[in-house]
2 protein chains.
Amino acid sequence: MKLTSQAQAFVLHFGEMGSRWGFNRTVGQMLALLTIQSEPLNADQLAQALKISRGNVSMGLKELQAWRLVELHHLPGDRKDYFTAAGSIWDMARTVFEERRKRELDPTLSLLRQLLLNDPQDEQEARAQEKMQEVYDLLELLDRFANTLSRLEQKDLLKLMKLGSGISKLLALKGKKS
Amino acid sequence: MKLTSQAQAFVLHFGEMGSRWGFNRTVGQMLALLTIQSEPLNADQLAQALKISRGNVSMGLKELQAWRLVELHHLPGDRKDYFTAAGSIWDMARTVFEERRKRELDPTLSLLRQLLLNDPQDEQEARAQEKMQEVYDLLELLDRFANTLSRLEQKDLLKLMKLGSGISKLLALKGKKS
DNA sequence: TATAATTTTCAGAAATTTCTGAAAATTAAG
DNA sequence: CTTAATTTTCAGAAATTTCTGAAAATTATA
């Protein structure tokens, strides 16, 4: 498994962006490679292509499986596990989006819900709680919206995303359907 | 500056979430503290309240200023710099959203644009480029959409986010306005 | 201009995250 | 059951990120 320089560049870039998208470098690289690769790859091939240890590949695949971003296959007469990227690019994006929503919003919503149960003991604390409530309201709205988008049919999601500034016009129509 | 246990919990949590939201622990803590604090704070107060070094505060404030998440103030008769969170919670969220769009999408779009200029040298590479094109198309759409949302007036954004599953119905109306 | 107050910088320390590779565990085949 | 193939685990190593604190730079005041 030798990577073309194109593939190399793509894979390395995904490795570097990985941490911004929620996974580590090698997990990013593995996902990138499996994405542009049509044939399933086994762990040894991944390790060799990416020049990383066998153990690291094992951990990375475990994580990618937890995200449901890869699929396990078996080839006849071969005991090794083979992997491909799971689903279409859109499926992958949806999965990452959904997982990030969970990791980036839910813990905070949960904490804020807790903190807001307590009665403020003084003026200072009351003012702090007002702000926390604002943060909570915003994050909850975001969370629900992200959820709505996740559940939208691809057709509708595509339509929405392509609206551009047409969104305002459409919103102006709300409640006015003839 | 002693923090109440409420404030403490809020601040520590923001520190921990920081890395998921795009900044480091202490930057997250500083932003959290400035958010629930009505009075402007100076660097020494921040260092003392968060139990971090003066140098770290300076670097953190620099970063928060780069994000435009804090505002500099001066108190009469005091040479120190004082800071507050900039704008409303919504303003802050918009800023973070916008900044993350830049960091998480733009570099990848730029690389893919580059890679897709090259002619594929074989079947394997052609297939890889197809996938890269799919990734590009999706990320560009996302980028444009994120931009559209950023630019939306708060009133419209709120309306959109509150639509819930009503989005589908509204989209069905598109092009059918009487 | 000299001095004092304040902020910034940055080399190295500390903390955290990621990675390796050998050993242990699991799985399948004979 | 035994052996061989394969995968997983995880302690410690390596890499990376964050943080400290003292020195340098900047800014304001007298």
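Note that the coordinates shown come from a computational prediction; the quantities given were computed from them, not determined experimentally. Chain A is the first sequence line, chain B the second, and so forth, proteins listed ahead of strands; every chain is numbered from 1.
Within the 4.0 Å cut-off from OP1 or OP2 of dT7(D), not a single side-chain nitrogen or oxygen of Lys62(A) is found. OP1 or OP2 of dC19(C) sits under 4.0 Å from a side-chain N or O of Asn24(A). Phosphate contact (OP1/OP2 of dT9(D), side-chain N/O of Arg54(A), threshold under 4.0 Å): absent.
Between the side chains of Asn147(B) and Ser150(B), no donor-acceptor pair of N or O atoms lies under 3.5 Å. Side-chain atoms of Gln133(A) and Asp137(A) include a donor-acceptor pair closer than 3.5 Å.
Protein atom CD of Glu63(A) is 12 Å distant from nucleotide atom C1' of dT17(C), rounded to whole Å. Taking atom CG of residue Leu64(B) and atom P of nucleotide dT8(C), one finds them 12 Å apart after rounding to whole Å. The distance between atom CD of Gln29(B) and atom P of dT18(D), rounded to the nearest whole Å, is 13 Å. With rounding to whole Å, Leu61(A) atom CG is found 13 Å from dC19(C) atom P. Rounded to an integer number of Å, the gap from Tyr82(A) OH to dT6(D) P is 9 Å. If you measure from atom NZ of Lys80(B) to atom P of dA4(C), you get 16 Å, rounded to the nearest angstrom. At whole-Å resolution of the value, NZ in Lys51(B) and P in dT20(D) are 12 Å apart. Per the geometry, CG belonging to Asn56(B) stands 11 Å off C1' belonging to dG21(D), to the nearest Å.
The pairing partner recorded for dA22(C) is dT9(D), the criterion being a Watson-Crick or G-U wobble arrangement whose two distances lie under 3.5 angstrom.
Heavy-atom neighbours of Arg144(A) CZ from other residues, nucleotides or ligands within 6.0 Å: at or below the threshold of 12.
Counting heavy atoms from C-beta outward, Val57(B) and Asp44(B) have side chains that stay 4.5 Å or more apart.
Closest to the Arg25(B) side chain, of the nucleotides dG21(D), dA15(C), dT20(C), is dA15(C). Side-chain proximity of Met59(A) to dT20(D), dT8(D), dT20(C): nearest is dT20(C). Here dT8(C) is the nucleotide among dC19(D), dT8(C), dG21(C) with the atom lying nearest to any side-chain atom of Ser58(B).
Nearer the 5' end of DNA chain D, as judged by each residue's closest nucleotide, is the contact made by Asp78(A), out of Phe23(B) and Asp78(A). Mapping Arg79(A) and Thr26(A) onto DNA chain C by nearest heavy atom places Thr26(A) at the nucleotide closer to the 5' end.
Using a 4.0 Å heavy-atom cutoff across all strands shown, Asp81(A) reaches sugar-phosphate atoms only and no base atom.
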Next item on the list: Apply side-chain contact (heavy atoms from CB on, under 4.5 Å) to the pair Glu16(A) and Arg25(A), showing each step before the final yes or no.
Entry: CA-CA 6 Å; Glu16(A) 268 155 32; Arg25(A) 179 176 13 188; 5.8 Å; no
